[in-house]
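Everything numeric in this text was worked out from a predicted model, so none of it was measured. Indexing begins at 1, ligand by ligand and atom by atom, following the structure's order.
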Amino acid sequence: MRKFLLDGAEHYLVVDIDTLRTEILSADHIILTSSIHDSKLGASMKNISPYFGAIAFCALPPYRLHNHGIRGFSQKLKGAVLSADLCPSKYPLDRTPFQLALATFSEKTRPLPVAIAVSGKWLESHIRDINWLKSMHEKKMLDITWINHSYSHPREYRRNKRLLSKGFLLAEGTDINAEIIKAEISMIEAGITPSVFFRFPGLVSDEKLVKKVCELGLIPVGSNAWLAKRERPRGGSIILIHANRHEPKGIAGFRKLLYEKKNAIRQGTWRLLDIRDCLVSDFTLNAGREYRVRPKTAIN
Ligand SMILES: [Zn+2]
């Protein structure tokens with residue numbers, strides 16, 4: 001996906017196109033045969049790999065102003081994906097959702113998969129928190145999929161009225177390429193590995209932004225269960241909460257959800273799911289013919 005210098009030596013960010021796992025490897029460990037930007041390769045892989053299939057699916061219209069991309073998976077899945085956003089904040093990380101999940105699910109389910117959408121600015125001012133999250137990952141308590149949430153995470157537009165079409169990354173003067181790449185640099189410098197996913201700040205995007213994200217080999221990920229907005233998760237949902245202390249309602253909603261699901265959790269019939277595995281299983285279900293993860297009913 002990327003080639004860069006790390007401590008003066010050439011490195012690559014690589015993705016396994018069948019499992020969506022990413023890794024940072026030094027150039028000595030790599031034999032380069034082709035590039036993902038080779039369109040012929042992309043076209044032929046589209047129908048046979050979950051990675052290219054998902055990018056091809058997300059790059060297509062309609063381009064929704066809000067919540068474009070993958071919002072959920074097959075309803076047959078027994079559980080949901082937990083995603084937590086870390087938009088820039090002066091407050092420390094809210095560890096509550098992670099601690100609640102670890103206290104609720106049995107030890108057998110560890111590491112618990114969680115997806116964390118992190119902005120570059122949050123990373124740069126929360127070294128202790130990032131070290132805690134890294135230690136939870138290393139101790140195999142959590143299995144974190146790091147989602148790029150842009151570098152500066154421009155705010156929503158509120159001058160006269162709230163206008164989605166002028167806010168967040170759609171704000172005038174935004175350099176989308178820099179927003180994506182600088183966030184990746186912050187992640188790598190913080191010692192974490194970027195995944196193949198990108199979450200738009202405010203979940204707001206347009207055709208140009210979507211195409212740029214897809215062109216850079218990233219898969220836009222939205223949500224169909226934003227808990228603070230009282231959206232109820234179903235099987236295969238992507239739950240959205242904020243772990244930056246800006247949205248306590250969402251944390252309360254997550255606590256309530258775990259309480260409601262406590263019997264199913266005990267019986268092992270409701271689990272936290274890995275976003276990468278969900279995407280792979282949906283792709284396999286659809287036999288790679290046509291990628292369908294878009295829920296039938298539009299949300300928001
Ligand atoms: Zn955000």
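Of the residues listed (Glu179, Glu124, Lys182, Lys121), the one engaging Tyr151 in a side-chain hydrogen bond (donor to acceptor under 3.5 Å, both in side chains) is Glu124, and it is the only one.
Here the N, O or S atom of His149 that is nearest to the Zn ion (ligand 1) is NE2. Within His153, NE2 is the N, O or S atom that lies nearest to the Zn ion (ligand 1).
Heavy-atom neighbours of Arg245 CZ from other residues, nucleotides or ligands within 6.0 Å: above the threshold of 12.
Between Phe168 and His153, the ring planes lie perpendicular to each other; the angle is over 60°, past the 30° to 60° tilted range. Using the six-membered ring where Trp is involved, Tyr91 and His246 have ring planes that are perpendicular, over 60° apart on the 30 and 60° scheme.
For residue His242, no N/O/S atom approaches the Zn ion (ligand 1) to within less than 2.8 Å.
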